[in-house]
Amino acid sequence: MERRASLFGLLLTLGFLVLAGRLFQLQVVEASRWSEAGQGQRIRFVSTPASRGNIYDREGRLLASSRSSFSAYLVYTGKPLSDKTVRLLSQILGLDPREIREAEKQLYPSFGRPYEPVPLALDLDPRSHTLLEEYRDELGGVVVEAEPVRYYPGLPDFPDLGGRLMAHVLGQVRKADRGPGLVGTSGLERAFQEDLEGEPGIRQVEVDPLGRPYRVWREKMPQPGNDLVLTLDAYLQAVAERALLQRMEELRRLRSKDCPGGCPADFGAAVVLRVDTGEVLALASVPAFDPNLFATRAHARPGSAAHRAFLTEWEKLRSDPAQPLYNHATQTTAPPGSTFKLVTAAAVLRSRAASPQEVIVCPGKRYFGGIEFGDWAVHGPVNMVRALFRSCNVYFYEMGLRVGIGRLEEMAREFGLGEKTGLEAYQGLDEEPGWVAGPATKEKLHPEEPRWNPGDVLSAAIGQGDNRFTPLQMAVLAAAMANGGKVLRPYVVKEVRDPRGNVLRRFGPEVRKEVRLDPGEWQVLRRGMEGVMEPGGTAAHVFADFPALTSRVLGREIRLAGKTGTAQAGKRDIPWGWFVGYAPADKPEIAVAVVVRRGGGGSLAAGPVARAIFDAYFGVRNLAKDAPGGGGGMVSPSEN
């Protein structure tokens, strides 16, 4: 009996020693560890996002900003949400209870970092926000945080464009992988990320057992990002975008030689540059997308209904054959058609292959190597000026043979064609370099038939063959025609300013290269471009009344200069319509390039869009309300 009692006492003593040892380990040896763990549930560090910098146009119009919003998050409390809480959340936020439970799982270590909030509903509407605050005591584990959301307001005078205005230039944002901020994924939002993002703040907060903050211990305020001031004019940009959209819609209804049942007019682009500086006043690409879509629903929790809705919209944009996510002004290349005849004429003048007065008789076709090369009309006797404003193919077939492909290539590259304009390297907007037709290009693009044929120069001379340029490159060409050969690097950001308005960086003009011709030779080219807009020219029916209109409205006559082009991308494909030009003809200020894919002839498809741009720039019409030219019925034949 005594032996049993002694054994029991020994076991009891050992038990107390083990318990005491464990208490010593917990309270002394591991005290700091458990203190930190408890503190981790009581004291939390919360990152506060900085307001992203604003983006303004050249006149101070707001193009991109940050607006206040509230979002609901789940936070770690150590206890699962009750069924009652889930039902209440479901009713307030309109979420499926299963979706809430899936979000709750992400709070725990096996699903990621513990204690990190999980988004439940972003950018709350006023009703949901009010109800979450009203039922705050019944929603343990749910917090509402204020955070800025990127916002693209558009212009009040152009509600039809909405947030799509200038979308390709401004770009998109998404939530950063780490931290509370936003990251630009395209356009200026990406290119100037470091300037725009700002510096996030941080709060050290004490939370109650339900995970709700009730006391702020320390706080470092976020610092807003820097602002961008652009060279673009939002009004002129909106006019260009609307004119493209409306003209493309009209082309789908019009009957023409190129499109008896209406042209598809898939997409289009328009560029406006200042001819003395290279400042981009408009860089339009349609169709477009609404970047507000990416600023809100794209950030929803993966797997949520909101995120699935966004993915549906994203897939529509991504699979649309009109490629609304592409900036067609800088990323799409196309054969320039007859607008390239300006380059061919410049090569002729430089090489003295023909005098401007030499007359070529055009019978409407030219045979070479047993192959017929057609023209769009019988032009009869033409010299260089008349060949330009009547867009005579036969004249330029002959000139192409005289100068040869080497001189054509050289002149095209002097004008900056077939290479990036410098906008991408300078200001981060994506560009395609394009191609200049020639033996090396043919070998690269057509390995199945790489040999250069003598007849290929005829197609190249009229802007066909392997010539492929962007609308921005063609606008730079038009500016060079206007300013006497200066090939300017275009730019869209004028200044970077801090939140107090101090200028941190300023961007300015740069001449990348220069095309050298005699003054009289430039005058020949310009006279040909002016004739395009006058009676007898290929774009007369669109522009002939402009000088009289400006004289009546402005008290001074403004004449225009331009060149139309109708480019075949394939033997059976509906042509692309081009226009390039500048104004005023005597003292140029702006250069314009417009293209519409599968829109028919240049004067038909692109001319009315350019006319709307000139009308708006010189203030002869209020194009916030008026539609660009065009109408129904049969139209005149399109030129080449």
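Note that the numbering runs from 1 along the sequence shown for the chain.
- Under a 3.5 Å cut-off, the side chain of T550 and the backbone N or O of F546 do form a donor-acceptor pair.
- Distance check, rounded to the nearest 0.5 Å: CD of E147 to OG of S66 gives 11.0 Å.
- Within the 3.5 Å criterion, the main-chain N or O of A624 finds a donor-acceptor partner in the side chain of R242.
- Partner N483 forms a side-chain contact (heavy atoms from CB on, under 4.5 Å) with one of V511, T277, L488 and no other, that one being L488.
- Between I613 and L236 the shortest side-chain heavy-atom distance falls below 4.5 Å.
- Residues R190 and D430 meet the side-chain proximity criterion, which asks for heavy atoms closer than 4.5 Å.
- Residues L281 and R58 are in side-chain contact: their nearest non-hydrogen atoms beyond the backbone lie under 4.5 Å apart.
- No hydrogens or angles considered: nothing links the side chains of R61 and Q237 as a donor-acceptor pair under 3.5 Å.
- In this structure, L293 and E313 have side chains that are in contact, with non-hydrogen atoms separated by less than 4.5 Å.
- Checked for salt-bridge contact, R350 and E521 miss the test: no charged N lies under 4.0 Å from a carboxylate O.
- A donor-acceptor contact shorter than 3.5 Å links the side chain of R247 to the backbone of L604.
- Using a cutoff of 4.0 Å between basic side-chain nitrogens and carboxylate oxygens, E495 and R497 are scored as salt-bridged.
- In terms of modelled atom types and a separation under 3.5 Å, the side chain of Q193 and the main chain of L182 share a donor-acceptor contact.
- Qualifying side chain to side chain contact (heavy atoms under 4.5 Å, CB included) partners for R552, counting only residues two or more places apart in sequence or in other chains: L549.
- Using a 4.0 Å cut-off between a side-chain N of Lys or Arg and a carboxylate O of Asp or Glu, D57 and K494 do not qualify as a salt bridge.
- Side-chain rings of F289 and Y326 stay apart, their centers remaining 6.0 Å or farther from each other.
- Within a 6.0 Å radius of CZ in R67, other residues, nucleotides and ligands contribute more than 12 heavy atoms.
- The ring-ring contact (aromatic ring centres under 6.0 Å, His included) contacts involving residues 49-72 comprise F70-H129, where partners must be two or more places apart or lie in separate chains.
- Residues F469 and V436 come closest through the heavy atom pair CE2-CG2, 3.9 Å.
- Residues R489 and E510 are paired through a salt bridge, judged by an N-O separation under 4.0 Å between the basic side chain and the carboxylate.
- A salt bridge does not link R164 to E241: none of the charged nitrogens lies less than 4.0 Å from a carboxylate oxygen.
- In this structure, the side chains of N226 and P499 come closer than 4.5 Å at one or more pairs of heavy atoms.
- Taking every heavy atom of both residues into account, V487 and E414 meet most closely at CG2-O, 3.3 Å.
- Using a 4.0 Å cut-off between charged side-chain N and carboxylate O, K513 and E419 make a salt bridge.
- Taking each heavy atom of T330 and L472 in turn, the nearest pair found is CG2-CD2, 4.0 Å.
- Between L423 and Y491 the shortest heavy-atom distance is CD1-CA, 3.9 Å.
- Rounded to the nearest 0.5 angstrom, L165 CG and D160 CG are separated by 10.0 Å.
- The closest side-chain donor-acceptor pair between N54 and S65 falls under 3.5 angstrom.
- Separation of atoms NE2 (H168) and CG (L188) is listed at 13.0 Å; rounding is to 0.5 Å.
- A donor-acceptor distance shorter than 3.5 angstrom exists from the side chain of S285 to the backbone of H328, with no hydrogens or angles considered.
- In this structure, R52 and P148 have side chains that are not in contact, with every pair of non-hydrogen atoms separated by 4.5 Å or more.
- Between D276 and K486 no salt bridge is recorded (no basic side-chain N to carboxylate O distance below 4.0 Å).
- The two atoms that bring A616 and Y235 nearest to each other are CB-CE2, 4.0 Å, heavy atoms only.
- Counting non-hydrogen atoms of neighbouring residues, nucleotides and ligands closer than 6.0 angstrom, the CD atom of E194 reaches no more than 12 such neighbours.
- Put simply, the side chain of E431 gets close to the backbone of E424: a donor and an acceptor are under 3.5 Å apart.
- Residues P49 and P200 have side chains not in contact (no heavy-atom distance under 4.5 Å, counting atoms from C-beta outward).
- Salt-bridge formation is detected for the pair R611/D615: a Lys NZ or Arg NE/NH1/NH2 atom is positioned less than 4.0 Å from an Asp or Glu carboxylate oxygen.
- Here the CG-OG distance, from L325 to S319, works out to 9.5 Å after rounding to the nearest 0.5 Å.
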Are M474 and L417 close enough, and set up right, to give a side-chain contact (heavy atoms from CB on, under 4.5 Å), and what steps lead you there?
-> CA-CA 8 Å; M474 296 304 293; L417 300 176; 4.0 Å; yes
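- Between R598 and D266, at least one side-chain N (NZ, or NE/NH1/NH2) sits under 4.0 Å from a carboxylate O, which counts as a salt bridge.
- Ionic pairing of R559 and D586 is not present here: no N-O contact between side-chain nitrogen and carboxylate oxygen is shorter than 4.0 angstrom.
- The minimum heavy-atom distance between F340 and A412, with the atom names listed, is CE1-CB, 4.0 Å.
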Please assess Y152 against Q172 for the test side chain to side chain donor-acceptor pair (under 3.5 Å), listing each intermediate value before the final yes or no.
-> CA-CA 10 Å; Y152 305 89; Q172 315 157 17; over 6 Å; no
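- Checked by atom type and distance alone, the side chain of W578 pairs as donor or acceptor with a backbone atom of P335 at under 3.5 Å.
- Remark: side-chain polar atoms of N327 are not paired, donor with acceptor, to backbone N or O of Q331 under 3.5 angstrom.
- Checked by atom type and distance alone, the side chain of T441 never pairs as donor or acceptor with a backbone atom of A437 at under 3.5 Å.
- At least one side-chain heavy atom of L525 sits less than 4.5 Å from a side-chain heavy atom of L349.
- Rounding to the nearest 0.5 Å gives a distance of 8.0 Å between CG of D227 and CG of L196.
- Summarising the geometry, atom CG belonging to L63 is positioned 8.0 Å from atom CG belonging to L232; distances are rounded to the nearest 0.5 Å.
- Using a cutoff of 4.0 Å between basic side-chain nitrogens and carboxylate oxygens, E432 and K420 are not scored as salt-bridged.
- A donor-acceptor contact shorter than 3.5 Å links the side chain of T231 to the backbone of V280.
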